[in-house]
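Shown next, in structure tokens, is the structure this report addresses.
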Amino acid sequence: MIRIDSLTVTRGERPVLDNLSLAFGEGGITALIGPNGAGKSTLLHAIAGLLPAGRGRVEVEGCDMARTAPAERARRVALLMQNDQVTARLTVEDLVSFGRWSWHRGRPGPRDREMVAQALAQFELEALARRQIDTLSGGQRQRAFVAMAWAQETPWLLLDEPLAALDPRHVRDLMERLHAMSRPGAKGARSIVIVMHDLGATARYADRIIAMKDGRIVKSGPRALAMTGGVLSALFDTGLKVVRVEDADTVVPA
């Protein structure tokens, strides 16, 4: 479980997160949505224990992240940030191997090699393992980065806008993979918290919604209750509605 109690994070004198409290359990996809500047990425980083809280507490599986050593935090949550950069000569396999650093600290063993192989297979990257990152398509590259986070072997994956700059086919491909692996009992199952701007993909794949605006939580809960036309219209200051198309929800202008 992730539990957040009265969390406040400030930059200068301005609160970026303002007295947030919520809790949610393992399994499924939890989507953080809201306009730019809502505090979504900041909340993700706070969950990972990377930002000092001005007030409040973040617990992951009962562990106070602010009081936990970095190596232990890295075994509880894997954070993939928007601006992760790699050198052009790095191969896909090398990139995925970075996900094991918190476990082997420079001395990889059989378990580390096994998890890298599993990550390559999980994201269908075996044929690309020796390819350099800068030779991949955008969708392939993003799969490699998510595979690196998955290889970290944490119960929680925290993904900051992994769909940015992906075309519709690659959005669907990645979200289908994430959705499948977030199901209880799935092979290599992970609980996923993801910052999303693609409301159509959110409506289709998210199990829980945390809607944010101006550093506060506007609405949270199961998708059917938290993602409605009324909530979305107020959240983004424009008319939106959720409609059913071919057995899947999507978001369109009202």
Side-chain angles (χ1 to χ4, degrees), residues 1-5 7 9 17 20 23-32 39-53 56-87 90-123 125 133 141-162 174 177-178 181-182 186-195 210:
M1 171 174 279
I2 290 178
R3 184 180 299 277
I4 300 167
D5 292 320
L7 178 66
V9 175
L17 299 178
L20 269 59
F24 49 94
E26 292 182 351
I29 294 177
T30 300
L32 307 183
K40 304 180 297 296
S41 295
T42 302
L43 176 57
L44 206 67
H45 290 205
I47 292 172
L50 299 182
L51 291 176
R57 178 184 178 99
V58 177
E59 290 185 358
V60 178
E61 306 302 328
C63 175
D64 183 347
M65 298 299 277
R67 300 177 179 271
T68 302
E72 180 59 28
R73 291 201 305 263
R75 297 187 181 192
R76 293 178 180 270
V77 299
L79 171 64
L80 181 61
M81 297 185 286
Q82 295 180 49
N83 59 350
D84 278 341
Q85 299 292 329
V86 295
T87 58
L90 200 66
T91 68
V92 170
E93 186 172 20
D94 290 337
L95 174 68
V96 175
S97 298
F98 285 162
R100 298 300 301 169
W101 179 259
S102 62
W103 295 93
H104 62 63
R105 293 292 174 175
R107 295 184 176 183
R111 178 60 179 174
D112 302 300
R113 290 185 283 273
E114 176 187 350
M115 287 304 300
V116 170
Q118 286 187 26
L120 292 172
Q122 182 85 1
F123 290 88
L125 293 167
I133 293 297
R141 180 185 176 96
Q142 197 66 340
R143 264 194 288 147
F145 274 103
V146 178
M148 175 185 67
W150 186 90
Q152 197 169 321
E153 203 177 358
T154 60
W156 291 90
L157 281 183
L158 312 180
L159 308 177
D160 195 355
E161 294 192 50
L174 182 56
R177 294 175 191 277
L178 294 175
M181 74 173 58
S182 70
K187 181 180 179 181
R190 302 288 191 272
S191 302
I192 297 171
V193 184
I194 178 171
V195 174
I210 299 172

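Since we're looking at a predicted model, the values are computed, not measured. Computed from heavy atoms alone, side chains included, the values below leave out hydrogens, waters and symmetry copies.
Under the rule for a side chain to side chain contact (heavy atoms under 4.5 Å, CB included), the partners of Ala23 that lie at least two apart in sequence or sit in another chain are Met1, Arg3. Remark: Arg111 engages Glu114, Glu153 in a side-chain hydrogen bond (donor to acceptor under 3.5 Å, both in side chains) (not counting sequence neighbours). With sequence neighbours left out, Ser191 forms a side chain to side chain contact (heavy atoms under 4.5 Å, CB included) with Glu26, Trp156. With sequence neighbours left out, the side chain to side chain contact (heavy atoms under 4.5 Å, CB included) criterion links Asp112 to Arg100, Trp103, His104, Pro108. Remark: Glu72 engages Arg76 in a salt bridge (Lys or Arg N to Asp or Glu O under 4.0 Å) (not counting sequence neighbours). Legend: residues meeting side-chain hydrogen bond (donor to acceptor under 3.5 Å, both in side chains) with Ser41, ordered by chain and number and at least two apart, are Gln82, Asp160. Scored by the salt bridge (Lys or Arg N to Asp or Glu O under 4.0 Å) test, Asp64 finds Arg57, Arg67 as partners (sequence neighbours excluded). Residues forming a side chain to side chain contact (heavy atoms under 4.5 Å, CB included) with Gln122 (at least two apart in sequence, or on another chain): Trp150, Met181.
Distance alone, capped at 3.5 Å, is enough to place a donor-acceptor pair between the Gln152 side chain and the Ala74 backbone. At least one donor-acceptor pair closer than 3.5 Å links the side chain of Gln142 to the backbone N or O of Pro162.
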Please evaluate residues Ile2 and Ile4 with respect to the criterion side chain to side chain contact (heavy atoms under 4.5 Å, CB included), reporting the C-alpha separation (whole Å), side-chain torsions for both, the decisive distance (0.1 Å), and the verdict.
CA-CA 7 Å; Ile2 290 178; Ile4 300 167; 4.2 Å; yes
Assess whether side chain to side chain contact (heavy atoms under 4.5 Å, CB included) is satisfied between Leu80 and Leu157, documenting all intermediate values.
CA-CA 8 Å; Leu80 181 61; Leu157 281 183; over 6 Å; no
Any chance you could lay out the side chain to side chain contact (heavy atoms under 4.5 Å, CB included) test for Leu90 and Phe98, step after step, and finish with the verdict?
CA-CA 11 Å; Leu90 200 66; Phe98 285 162; 3.5 Å; yes
Residue pair Met65, Ile47: steps toward the side chain to side chain contact (heavy atoms under 4.5 Å, CB included) verdict
CA-CA 7 Å; Met65 298 299 277; Ile47 292 172; over 6 Å; no
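Distance CD1/Ile194 to CG/Leu174: 7.0 Å, rounded to 0.5 Å. Interatomic distance, CZ of Arg190 versus CG of Leu158, reported as 12.5 Å (0.5 Å rounding). Between the CG atom of Leu125 and the CD atom of Glu93 there is a distance of 11.0 Å, given to the nearest 0.5 Å.
Residues Val146 and Leu178 have side chains in contact (heavy-atom distance under 4.5 Å, counting atoms from C-beta outward). When side chains are defined from C-beta on, Asp94 does not count as touching Ile133, because their heavy atoms never get closer than 4.5 Å. Looking at Leu159 and Val195, their side chains never come closer than 4.5 Å, going by heavy atoms from C-beta outward. Within the 4.5 Å cutoff, the side chain of Leu17 has no heavy atoms near those of the Leu51 side chain. Two residues are said to be in side-chain contact when any heavy atoms from C-beta on lie closer than 4.5 Å; Leu50 and Arg73 meet this criterion.
Taking each heavy atom of Ile29 and Ser182 in turn, the nearest pair found is CG1-OG, 3.6 Å. Taking every heavy atom of both residues into account, Ala48 and Val77 meet most closely at CA-CG2, 3.8 Å. Between Ala46 and Leu7, the closest heavy-atom pair is CB-CD2, 4.0 Å. The nearest pair of heavy atoms linking Ala147 to Ala119 is O-CB, 3.7 Å.
Counting non-hydrogen atoms of neighbouring residues, nucleotides and ligands closer than 6.0 angstrom, the CZ atom of Arg107 reaches no more than 12 such neighbours.
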